[in-house]
Amino acid sequence: MTGMEKNRWPPGDLVIWIFIMAELLVFGVFFAAYAFTRTNHVELFNTYQLTLDRNAALINTVALITSSYFVVRAVAAIRVDDSRRCFHWLLAALAMGLLFLVVKGAEYHHHFSQGINLNTNTFYMFYLSLTFFHFLHVILGMIILLAVALKARSGGYSAAEHTGVETGASYWHMVDLVWMVLFPLVYVMR
Amino acid sequence: MNQKRLFLRPCTWVYVTLMFLTFITWFVGVNNLSGRFFAFMVLGFALLKGQLIGDYFMGLKQVAGLWRWVIFIWLALVGTLISVAFWQTL
């Protein structure tokens, strides 16, 4: 993918793009449901939004963006046949993913220790279910990246054949993309 | 080759831009800035960030045809729905 030539298909296996579109559709419905439900509970949503940790959300956003950037570098590395560097970039991306899980896990621990759960109120029902749904996608994305990293380490990819790396990368970027909307919608907009 | 090294890669520029917009969004959040201006500003930033991720990280900028616009269409739909909902309450 260099120069001005355009490709007919997106990077990676086409199946992952069908999957990505399905995932985006689900998240899109979730976001719309949050926004329209909020119209009937503005006070409630504004009040409980203030209980969320924006600093933790910032760390998590930085972690996901950085992780996505590392994955871009991993793809660039394998395109010049550098499996070793590809592996290292993927490990760095996984470390950022792990940071996201730790920070988000700490947030959940804080909420649960205060007795907050899905039944607490409508805002928390959305907040917990939306973010946990995304949390599960981060875990799945990390499993995919780990599998790709291990194959890269064993020389399973090359400049000529690296569809697997691009496939894993596309999924991971989707996880990042969804968080880009989730962060302002749930933590900031009021 | 050496000349290339003097400049940041496009993906690195995108990374810096994403971080910059993220910090502005965070600043709005921690200062509890509310109302239409701030709400739609951070939503706009989110949509821009999404498009940058689609174009430069997912590589759709180099793709022709409908696939090029998959992320844009999703962002436009989601952005419109969120805007309509928030417009009523701000």
Side-chain angles (χ1 to χ4, degrees), chain A residues 1-12 14 17 20-21 24-25 27-29 31-32 34-40 42 45-46 49-50 52 54-55 57-58 61-62 65-66 68-69 71-73 75-76 166 169-170 172-174 176-178 180-185 187-190, chain B residues 9 11-12 14-16 18-19 21-23 25-35 38-54 56-65 67-68 70-71 73-75 77-90:
Chain A
M1 286 224 296
T2 57
M4 301 300 286
E5 279 180 33
K6 298 259 183 181
N7 299 315
R8 188 176 173 192
W9 305 107
L14 196 59
W17 283 91
I20 285 171
M21 286 198 301
L24 288 178
L25 185 66
F27 273 107
V29 170
F31 292 156
Y34 172 94
F36 281 101
T37 304
R38 180 185 171 279
T39 60
N40 295 321
V42 177
F45 274 55
N46 283 349
Q49 188 186 54
L50 292 176
L52 302 184
R54 276 79 173 264
N55 293 327
L58 171 70
T61 309
V62 168
I65 292 173
T66 305
S68 244
Y69 174 72
V71 168
V72 172
R73 300 301 300 269
V75 173
E166 291 181 340
S170 297
W172 188 251
H173 295 317
M174 183 274 292
D176 184 25
L177 169 68
V178 167
M180 290 308 111
V181 178
L182 196 157
F183 168 46
L185 178 65
Y187 286 84
V188 180
M189 289 175 70
R190 48 190 292 107
Chain B
R9 297 159 186 263
C11 66
T12 305
V14 168
Y15 173 71
V16 171
L18 292 173
M19 296 296 263
L21 296 177
T22 295
F23 275 96
T25 302
W26 166 81
F27 182 84
V28 170
V30 290
N31 289 290
N32 296 324
L33 301 176
S34 58
F38 291 110
F40 288 115
M41 182 181 79
V42 295
L43 179 62
F45 286 170
L47 302 179
L48 175 60
K49 286 159 74 179
Q51 190 59 35
L52 287 172
I53 289 169
Y56 292 92
F57 284 9
M58 295 173 120
L60 294 180
K61 195 174 172 61
Q62 298 298 327
V63 178
W67 284 107
R68 165 79 176 81
V70 163
I71 300 301
I73 292 168
W74 181 75
L75 288 169
L77 284 173
V78 168
T80 302
L81 289 170
I82 293 172
S83 296
V84 168
F86 272 76
W87 187 267
Q88 300 171 36
T89 63
L90 296 174

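Every chain is numbered from 1, with letters handed out A, B, ... down the list of sequences. Since the model is a prediction, treat every value here as computed from it, not as a measurement.
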Pick one of side chain, backbone, both or neither for I53(B), based on which atoms fall under 4.5 Å of a heavy atom in chain A.
side chain

In Å, rounded to the nearest 0.5 Å, how long is the span from CG of L60(B) to CH2 of W17(A)?
4.0 Å

Please classify the contact of V30(B) with chain A as side chain, backbone, both or neither, using a heavy-atom distance under 4.5 Å.
both

Chain B heavy atoms under 4.5 Å from R8(A): which part of the residue, side chain, backbone, both or neither?
backbone

Using a cut-off of under 4.5 Å on heavy-atom pairs, state which of V42(A), I65(A), I20(A) scores highest against chain B.
I65(A)

Heavy-atom pair of closest approach, residues S170(A) and M58(B):
O-CE, 3.5 Å

Toward chain B, the part of L52(A) with a non-hydrogen atom under 4.5 Å:
neither

Hey, what do you get for CG (L81(B)) to CZ (F31(A)), rounding to the nearest 0.5 Å?
12.0 Å

Contact origin within T66(A) toward chain B - heavy atom pairs under 4.5 Å
both

From the list A57(A), S68(A), P184(A), P10(A), the residue making the most non-hydrogen contacts under 4.5 Å with chain B is P10(A)

Between W26(B) and V62(A), is a side chain to side chain contact (heavy atoms under 4.5 Å, CB included) present by the stated rule, with each step listed?
CA-CA 11 Å; W26(B) 166 81; V62(A) 168; over 6 Å; no

Drop me the distance from N7(A)'s CG to R68(B)'s CZ, to the nearest 0.5 angstrom.
12.5 Å

Heavy-atom closest contact (V78(B) atom, G28(A) atom, distance):
CG2-CA, 3.8 Å

If you count heavy-atom pairs under 4.5 Å with chain A, which of G35(B), A64(B), S83(B) comes out on top?
A64(B)

Side chain to side chain contact (heavy atoms under 4.5 Å, CB included) between V84(B) and F36(A), intermediate numbers included:
CA-CA 9 Å; V84(B) 168; F36(A) 281 101; 4.1 Å; yes

Please flag which part of N46(A) lies under 4.5 Å from any non-hydrogen atom of chain B: side chain, backbone, both or neither.
neither

Among the options F40(B), Y56(B), F23(B), F38(B), pick out the one with the most heavy-atom pairs lying under 4.5 Å from chain A.
F23(B)

Which distance, rounded to the nearest 0.5 Å, do you find between the CD of Q49(A) and the CG of N32(B)?
8.0 Å

Step-by-step side chain to side chain contact (heavy atoms under 4.5 Å, CB included) determination, L177(A) to L75(B):
CA-CA 10 Å; L177(A) 169 68; L75(B) 288 169; 4.3 Å; yes

Under 4.5 Å from a heavy atom of chain A, the part of F57(B) involved
both

Region of V72(A) that comes under 4.5 Å of a non-hydrogen atom in chain B:
side chain

Under a 4.5 Å cutoff for heavy-atom pairs, which residue among V75(A), T61(A), L50(A), N55(A) has the most contacts with chain B?
N55(A)

Residue L90(B) versus chain A: region with a heavy atom under 4.5 Å
side chain

For each of L25(A), V181(A), T39(A), tally heavy-atom pairs with chain B at distances under 4.5 Å, and name the one with the top tally.
T39(A)

Who wins among T12(B), L21(B), L52(B) for the most heavy-atom pairs under 4.5 Å with chain A?
T12(B)

Name the option with the most non-hydrogen atom pairs under 4.5 Å to chain A; the candidates are C11(B), G54(B), G65(B).
C11(B)

Heavy-atom closest pair, residues M189(A) and A39(B):
CE-O, 3.6 Å

Against chain A, label L33(B) side chain, backbone, both or neither, depending on which of its atoms sit under 4.5 Å from a heavy atom there.
backbone

The interface call for M180(A) against chain B, heavy-atom contacts under 4.5 Å, is both

Run the side-chain donor-acceptor check on residues 42-51 of chain B: report pairs under 3.5 Å with partners two or more places apart or on a different chain.
from   : atom 1 : to     : atom 2 : distance (Å)
K49(B) : NZ     : T22(B) : OG1    : 2.9
Q51(B) : NE2    : D55(B) : OD1    : 3.2
Q51(B) : NE2    : D55(B) : OD2    : 3.4

Let's go through I71(B) and M174(A) carefully: what are the C-alpha distance in whole Å and the side-chain angles of both, what is the deciding distance for side chain to side chain contact (heavy atoms under 4.5 Å, CB included) to 0.1 Å, and is it a yes or a no?
CA-CA 9 Å; I71(B) 300 301; M174(A) 183 274 292; over 6 Å; no

Measure the shortest side-chain to side-chain distance between F86(B) and L185(A) over non-hydrogen atoms and say whether it is less than 4.5 angstrom.
yes

Residues K61(B) and K6(A): closest non-hydrogen pair is O-NZ, 2.8 Å

